[in-house]
Number of protein chains: 2
Amino acid sequence: MRHVVDEQQPLSEAVFLILTSLAERPNHGYALIKDIEELSGGRVRLSTGTLFGALRRMLEAEWIERYEAEDTSRDKQTYRINPAGRERLIGDLNRMRALTRSAASRLKMGGR
Amino acid sequence: MRHVVDEQQPLSEAVFLILTSLAERPNHGYALIKDIEELSGGRVRLSTGTLFGALRRMLEAEWIERYEAEDTSRDKQTYRINPAGRERLIGDLNRMRALTRSAASRLKMGGR
DNA sequence: AACGACATGTCGCATGCCGACATATCATCA
DNA sequence: TGATGATATGTCGGCATGCGACATGTCGTT
């Protein structure tokens with residue numbers, strides 16, 4: 001009996017950050033760019049090409065969903081993470097932890 | 001005065017693992033595939049297309065160098081990491097640690 | 001009215017991964 | 001001896017993705 005988290009090809013940084021941002025609260029596209037910039041300490045500023053391409057693929061993969069926000073004052077497309085997306089994020093988080101652990105060990109860095 | 005570790009676009013998993021493997025000891029291509037498979041707990045088996053493409057780019061970027069191994073019994077191309085490669089690996093290690101920290105925090109997972 | 005921030009989207013180029021293929025050597029064993 | 005499989009290095013083409021540039025429009029402020 002296999003668990004759902006099988007596909008263990010790495011998430012791109014863009015997808016990882018989008019899922020991380022949505023893990024806290026649903027949001028719309030443009031706001032994600034700013035949240036991710038803050039989240040990454042100013043290091044990552046997603047271009048709209050990256051963002052909307054990634055959102056489309058994540059909708060297709062059913063890791064996120066559109067949902068109706070109360071605030072319809074503008075034409076905002078609001079996205080929400082779903083359980084599959086959350087599992088995928090956790091899976092990739094663990095993948096990265098394993099990677100950093102083995103690299104730190106080989107570099108004799110400590111902080112394992 | 002700028003430090004060398006500027007380029008902070010993420011390393012691909014393949015490149016990260018190759019640098020990690022070479023951080024412990026110099027090695028040749030085919031042996032890297034097996035070392036990385038072990039290193040990653042069997043999760044990652046690099047194809048030769050990925051490996052040799054990545055090695056070529058890493059040589060161009062001067063993160064690794066060819067060097068003469070004592071064992072010349074076969075035509076093995078032995079590669080060694082250099083200080084720039086090591087810095088790049090450490091930089092990406094820190095990038096991933098920051099990423100996992102913020103994601104864990106937003107997922108309310110602990111283990112930060 | 002003009003400007004900048006907000007907001008969503010498309011297009012095309014460049015890059016990188018990876019399976020498939022090509023080639024050759026070396027050890028083992030029937 | 002000849003076949004097989006592991007070792008070893010490499011190329012090629014297709015596919016997915018990131019991202020800068022462009023397009024379009026709204027909203028708030030001056």
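Chain identifiers are assigned alphabetically (A, B, ...) following the order of the sequence lines, protein sequences preceding nucleic acid strands; residue numbering begins at 1 within each chain. The figures here come from the full heavy-atom set of this structure, side chains too, leaving out hydrogens, waters and symmetry mates.
A/Thr48 contributes a side-chain N or O that forms a donor-acceptor pair with the base of C/dG9 under 3.5 Å.
B/Phe52 places its CZ atom 5 Å from the P atom of D/dG10, with the value rounded to the nearest Å. If you measure from atom CZ of A/Arg56 to atom P of D/dG18, you get 11 Å, rounded to the nearest angstrom. Atom-to-atom, CD of B/Glu13 to P of D/dA16 comes out at 19 Å; the value is rounded to the nearest Å. Atom CG in B/Leu51 sits roughly 18 Å away from atom P in C/dA20 (whole-Å rounding). Distance CD (A/Gln77) to P (C/dT10): 11 Å, rounded to an integer number of Å. The CG atom of A/Leu46 sits 13 Å away from the C1' atom of D/dG20 (whole-angstrom rounding). The nearest whole Å value for the distance from the CD atom in B/Glu60 to the P atom in C/dT15 is 11 Å. For the pair B/Leu59 CG and D/dT9 C1', the computed distance is 14 Å after rounding to whole Å.
Summarising the geometry of B/Val15 relative to B/Trp63, their closest heavy-atom pair is CG1-CZ3, 4.0 Å, with the distance given to 0.1 Å. When all heavy atoms of B/Arg106 and A/Thr20 are compared, the pair lying nearest together is CD-O, 3.4 Å. When all heavy atoms of A/Leu46 and A/Ile36 are compared, the pair lying nearest together is CD2-CD1, 3.7 Å. Considering every non-hydrogen atom in both B/Ala23 and B/Arg86, the closest pair reads O-NH2, 3.6 Å.
To the nearest 0.5 Å, the span separating CG on A/Leu17 from CD1 on A/Ile33 amounts to 12.5 Å.
Applying the 4.0 Å criterion to OP1 and OP2 of C/dC18, one finds that B/Thr50 has a side-chain N or O inside that range. Phosphate proximity of D/dA16 to A/Arg57: absent, as no side-chain N or O sits under 4.0 Å from OP1 or OP2. Taking 4.0 angstrom as the limit, B/Ser47 places none of its side-chain polar atoms (N or O) nearer than this to OP1 or OP2 of C/dC18. Dashed line: the shortest gap from a side-chain N or O of A/Ser12 to OP1 or OP2 of D/dG18 is under 4.0 Å.
Linking Ile, Leu, Val, Met, Phe, Trp and Tyr residues whenever their side-chain heavy atoms come within less than 4.5 Å leaves A/Tyr30 and A/Leu55 in two separate clusters.
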- Message: Apply salt bridge (charged side-chain N to carboxylate O under 4.0 Å, His left out) to residues B/Arg56 and B/Glu60 and explain how you reach the verdict.
- Response: CA-CA 6 Å; B/Arg56 184 180 44 74; B/Glu60 278 163 16; 3.5 Å; yes

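Less than 4.0 Å separates DNA chain C from at least one heavy atom of each of the following residues of residues 20-34 of chain A: A/His28, A/Gly29, A/Tyr30, A/Lys34.
In this structure, B/Tyr79 reaches the sugar-phosphate backbone alone: every heavy-atom distance under 4.0 Å involves primed, P, OP1 or OP2 atoms, never a base.
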